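The next block holds one structure in the form of C-alpha cells; read it before the comments.
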Amino acid sequence: MSEKKRVIIDTDTAGDDTIAILTALHYFQVEGIMMTGGNVQFNQQVENALYTVQVAGHGGKVPVYKGCEGPIMGLGQKEHRTVEDVHGKDGMGDSFFEKAIQSPEAGHAVDFLIERVHQNPGEIHLLAIAPLTNIAMALKKDPTIASKIPHLYIMGGTNNALGNITPSAEYNFYVDPEAAKIVLHSGIPITMVGWEMCTQYSIMDDQDHAEIEALGTKGAQFFKDVNKVVMRFNKTVHRLNGTTHPDTLLAAVAADESIMTKSNLYHVDVETVGELTRGYSLVDINNRLERTRNVRVCEAIDRDAFKEMLLDVLQTIN
Ligand SMILES: [Ca+2]
C-alpha cells in the first residue's frame with residue numbers, strides 16, 4: 001500500500017468537524033490540527049478536537065495548535081456569531097464528554113503551518129473545515145508558502161445556492177469573508193465543496209442513523225452522541241430530514257476524489273460588502289467576468305460511496 005497523503009486540518013471543532021477529523025485520521029497521515037474561531041466558544045472547540053483525536057485512538061500523537069480566535073475584520077462586532085443552537089452548548093450535541101488527556105501545543109497555529117509547509121515543500125495538503133482566518137493570516141505573514149502547498153480542500157461557500165447562516169451565505173465564508181477572499185486568490189490549487197453539496201449528498205436520515213448505530217462500535221456511539229442536537233435543528237430550521245455532514249464530505253473527497261463525480265474549474269470570489277450578501281460566494285459558471293478560474297468546484301457526489309466511507313471510518317473505531 002502506498003504511503004498515506006499528509007494533511008493539516010484547520011477546524012472549528014464542533015458537530016461534524018469531529019467526524020471529519022475521524023475520517024482524516026483514517027485516510028491520511030495527519031500532521032497537526034489548527035483551531036480557528038467559529039462554531040462555539042474557542043476553548044471548548046480546542047477541547048472537542050483533543051477529545052476527538054483521543055476517541056480515534058490517536059491521543060498524544062497528533063498536535064493541536066490554537067490559532068486565531070476571531071475573524072480578521074468581523075465588521076466591528078466584538079465576537080463573531082457562534083452556533084450553539086446547531087450543535088449544542090458544548091458543540092458536541094450536549095454530550096459534555098470528559099476532559100481529554102492531551103493538551104494543546106504552546107505555539108500558534110499560523111506559525112506551525114508556515115514552518116511545517118517550508119519543512120515539507122509540496123507535501124502538506126490542507127483540509128479547511130472552518131472559517132479561513134488561520135490560513136489567510138499564514139498567507140499574509142509568509143506568502144511564499146502558497147507555492148509549496150500542493151492542494152487546499154475547502155468546505156465553504158455555495159455554488160449559486162441557498163446559504164445556511166443567512167439565505168445568501170454559508171457559515172465559514174460568512175464569519176470571515178476577508179479571509180476567504182485572501183485564500184481564494186492565493187494561487188494555491190483549491191477544491192471547494194459547498195453547502196449545497198452537503199444538503200444534496202451528505203444527509204443521514206433516521207434509517208442511515210439506525211444502520212450506523214447497528215455497527216455497535218465506539219465510533220458509531222460517538223457519531224450518535226455528537227449528532228443529537230443537529231438532527232432536531234435541521235428538521236425545524238432547515239427543513240432537512242436528517243443530519244448534515246459538510247466537513248466529513250470534504251474530508252472524504254480529499255481522501256478519494258473519485259467520489260466527486262462532477263466538478264469544474266470556475267472563477268470563484270466572495271462578497272465582503274453586500275448589505276444582504278456578506279459572505280456570499282460568487283461562482284462564475286458562464287465565465288461572464290472573464291477572470292482566472294481559480295477553484296475546482298465540486299458539483300456532484302457518489303452518495304453511496306460517501307456513505308460507505310463514513311461507515312468504514314466508524315466501524316474501525318472501537
Ligand atoms: Ca467546521
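Quick caveat: nothing in here was measured; it's all calculated off a predicted structure. Just follow the structure's listing: the first ligand is 1, and inside any ligand the first atom is 1.
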What is the distance from atom CG of Leu127 to atom OH of Tyr153, rounded to the nearest 0.5 Å? 8.0 Å
Can you tell me if Ala20 has an N, O or S atom under 3.0 Å away from the Ca ion (ligand 1)? no
By atom name, which N, O or S atom belonging to Asp12 lies closest to the Ca ion (ligand 1)? OD1
N/O donor-acceptor pair under 3.5 Å between Glu271 side chain and Tyr280 backbone: no
Expected output: side-chain Ser281 to main-chain Thr158 donor-acceptor under 3.5 Å: yes
Where the Ca ion (ligand 1) is the vertex, angle from Asp247 OD2 to Asp17 OD1 to 10°: 70°
Going by the rule salt bridge (charged side-chain N to carboxylate O under 4.0 Å, His left out), which residues pair with Lys218 if we only count those two or more places apart in sequence or in a different chain? none
